[in-house]
Amino acid sequence: MSAVARLRERFAADPSRKLKLVGATGQLGYGIPAASLGEALRRQPDMLGADMGSTDIGPTFLGNGQMATSAEQTKKDLAALLKGARSLDIPLVIGSAGSAGAGPHLDATLAMVREIAREEGLKFRLAVIRSDMPRDVVKAAVRAGDMRSLGLLAELTEVEVDAASALVGQAGTEAFVRALEQDPDVIIAGRACDTGIYACIPQMLGFPLGPVMHMAKIIECASLCCDPGGRDPILAVLDRDGFVLESMNPDRRATPMSVAAHSLYEQADPNEIIEPEGIANVFAAQYEAVDERRTRVSGAVWHPASQMTVKLEGATRVGERAVLLAGSADPRFIAGAKELTEQVKGVVQNLVCGPGEAPDYTLNFRLYGLDAVYNWPEPPANPPREIFVMAEVIADTTERAMTVAKSTKQYLLHHGFPGRLSTSGNLAFPFTPPELVAGTAYRFSAYHVMAVDDPAPLFPVNVEDV
Amino acid sequence: MRLIDIARVVRSKNAGPLHLTFDLMFADRANYDRCVQSPELNAARIAPLYGVPADSVRIQPYPVALAVKITLPRLAPAGSPGDRDVYGAQQHVPLLELEL
């Protein structure tokens with residue numbers, strides 16, 4: 001009998017049973033504290049969950065198919081969770097495999113999972129949810145007007161859909177519930193709503209969805225809702241009216257205030273949790289201290305959507321990136337740095353392009369110490385003692401980008417200006433070469449919402465015995 | 001008083017790759033009320049700090065956590081060329097000087 005089938009049987013025998021869920025990590029692959037994971041397992045939970053992805057890391061990983069986390073640590077984290085879940089014979093649910101959840105990320109994650117199973121002698125039934133969006137379906141939705149921009153990006157076009165290096169959809173709880181119907185021990189999903197990881201088993205068991213979604217949204221970040229917030233696993237004990245939160249690190253306290261405040265985190269609206277299948281409104285939620293380290297949450301209300309939607313994420317290649325890293329401590333160079341770097345852009349263009357030719361690359365400077373992080377409208381009242389200069393070049397080929405970066409380095413180093421004192425060079429390089437190949441640059445080309453009547457065909461589930 | 005003098009937390013972060021969201025959190029009701037009731041806390045004052053139209057700035061008090069949320073569009077999608085802060089975690093700084 002699989003772990004999911006066993007869980008179903010236990011609840012059939014005792015429908016008033018509470019469900020114990022562990023949010024092991026909000027970002028698998030950076031390390032999971034072993035002591036608090038051990039404590040989570042000692043509590044005999046009914047499921048383990050982990051999120052692996054986010055759009056936080058930018059469009060690059062979605063575009064190039066690589067993980068943002070190291071293979072070594074990712075495999076270690078996966079092994080810890082697989083061994084833990086199998087030792088208790090409970091379901092393990094993992095979402096947004098391999099950082100961005102497209103085919104290459106999912107396949108790399110699955111390869112690690114199979115390797116761990118071989119090495120550790122683990123046997124289990126694995127359900128896999130794929131999240132790559134068929135281009136013809138998306139283009140048909142564009143034509144039918146079933147696509148909504150979320151602002152900033154223009155309306156999606158068929159050309160943009162075809163040009164995307166990768167195009168995924170966020171699988172909702174619906175896809176995880178379909179995977180559970182296959183009676184697996186382990187579920188691994190491509191790109192997915194983080195809530196689906198934790199909402200699917202409660203939904204299968206008939207728990208009311210308001211508190212379920214509220215809980216799922218909180219525990220997908222592990223112990224971040226605590227005071228102090230952190231990355232340790234968290235335990236949620238769910239009943240029919242609400243749930244109790246407890247960090248598995250004794251130094252982290254889930255207080256009514258810290259849990260309520262977590263609703264703000266990364267959310268545009270603290271009162272609404274928007275899901276493909278509906279909206280959980282947490283406006284009337286109650287947060288009550290059970291003791292110093294535990295808080296009980298209840299009162300969220302679920303409103304099913306009249307129209308199901310899928311959020312799309314697409315990344316498109318922009319070009320190849322090279323960067324130049326340098327610093328300066330010269331007060332006159334710093335005073336003129338904004339203007340001087342602009343001048344060097346023109347100098348470089350004349351060197352690397354033919355007469356009258358427009359640049360076939362982009363060259364942008366970031367002047368750290370002046371206005372690189374935030375675009376200050378005024379120069380600083382007191383000039384900084386040092387600045388860091390980063391030049392970013394994007395061109396069609398790496399060779400071209402490096403050509404521009406290298407000429408930029410040389411001509412910024414020796415750029416003359418009135419009053420210049422340091423005539424042997426304007427820059428300090430921390431090492432050479434100061435010009436580095438930074439890989440392919442991508443942009444988010446899709447972050448749109450697609451109306452769908454039936455998301456099931458977009459997120460196919462396959463099962464294998466590992 | 002400036003925001004930096006009375007807030008417990010002032011943070012910024014992406015809310016998806018197209019929006020920035022800011023959380024201003026206070027240790028007590030008095031400072032929360034001071035912020036919420038201040039004429040400085042309005043879209044017309046905040047919008048120019050981020051180069052966006054005032055009608056795209058949403059300010060939402062969240063009394064249960066003694067917090068105020070501000071959400072506005074990014075100038076470039078996160079991590080796309082032209083962006084300065086992929087996670088959006090360092091865009092809170094101009095708010096620190098708001099006189100409340």
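Throughout, protein chains are lettered first and strands after them, A, B, ... in sequence-line order, and every chain is numbered starting at 1.
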Where does [X] contact chain B at under 4.5 Å (heavy atoms): side chain, backbone, both or neither?
X      : answer
A:Y442 : backbone
A:V373 : both
A:L150 : both
A:N364 : neither

Check whether any side-chain heavy atom of [X] lies under 4.5 Å from a side-chain heavy atom of [Y], and answer yes or no.
X      : Y     : result
B:K13  : A:D56 : yes
B:V86  : A:I57 : no
A:L152 : B:R74 : yes
A:T362 : B:P81 : no

Write down the atom of [X], the atom of [Y], and the distance for their closest heavy-atom approach.
X     : Y      : result
B:A15 : A:A268 : CB-N, 3.9 Å
B:Q60 : A:P270 : OE1-CD, 3.2 Å
B:P77 : A:F444 : CB-CB, 4.3 Å

Lys/Arg N to Asp/Glu carboxylate O, B:K69 vs A:D269, below 4.0 Å: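 No, B:K69 and A:D269 are not salt-bridged.
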Given the options A:A372, A:G58, A:G151, which has more heavy-atom pairs under 4.5 Å with chain B than any of the others?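 If we count pairs closer than 4.5 Å to chain B, A:A372 comes out on top.
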Between A:W376, A:Y447, A:Y287, which residue shows the highest count of heavy-atom pairs closer than 4.5 Å to chain B?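 Of the candidates given, the most pairs with chain B belong to A:Y447.
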Quick one, A:F283 with B:V64, criterion side-chain contact (heavy atoms from CB on, under 4.5 Å). Give me CA distance, side-chain angles, the key distance, then yes/no. CA-CA 9 Å; A:F283 181 72; B:V64 63; over 6 Å; no
Kindly compute the distance separating OG1 (A:T55) from CG (B:L18), expressed to the nearest 0.5 Å.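 Rounded to the nearest 0.5 Å, the OG1-CG separation comes to 8.5 Å.
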Approximate separation, where rounding is to 0.5 Å, of A:E266 CD and B:H19 NE2: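 Here the rounded value is 14.5 Å.
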Where at least one partner belongs to residues 90-100 of chain B, residue pairs that pass side-chain hydrogen bond (donor to acceptor under 3.5 Å, both in side chains), sequence neighbours excluded: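 For residues 90-100 of chain B: B:R2-B:E97, B:D85-B:Q91.
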Residue by residue, which of residues 33-50 of chain B have a heavy atom closer than 4.5 Å to a heavy atom belonging to chain A?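 Interface residues of residues 33-50 of chain B: B:L49, B:Y50.
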Quick check: under 4.5 Å, non-hydrogen atoms only, which of residues 20-32 of chain B neighbour chain A?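 Checking residues 20-32 of chain B against chain A gives B:T21, B:D23, B:M25.
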Within residues 255-265 of chain A, which residues come under 4.5 Å of chain B, heavy atom to heavy atom?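 Within residues 255-265 of chain A, the residues under 4.5 Å from chain B are A:M257, A:A260, A:A261, A:S263, A:L264, A:Y265.
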Under a 4.5 Å heavy-atom cut-off, does chain A meet the side chain of B:P17, its backbone, both or neither?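 Backbone plus side chain of B:P17, per the 4.5 Å heavy-atom cut-off to chain A.
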Under 4.5 Å heavy-atom distance to chain A, tell me which part of B:A89 shows up: side chain, backbone, both or neither.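 Contact with chain A involves no heavy atom of B:A89 at all.
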Polar side-chain atom of B:R84 near backbone of A:D371 as donor-acceptor pair, under 3.5 Å: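 Between the backbone of A:D371 and the side chain of B:R84 there is a qualifying donor-acceptor contact (under 3.5 Å).
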Criterion side-chain contact (heavy atoms from CB on, under 4.5 Å) on B:V93 and A:Y374, from CA distance to verdict: CA-CA 8 Å; B:V93 177; A:Y374 173 78; 5.8 Å; no
Just wondering, more than 12 heavy atoms not from [X] lying within 6.0 Å of its [atom1]?
X      : atom1 : answer
A:R321 : CZ    : yes
A:R148 : CZ    : no
A:Y368 : OH    : yes

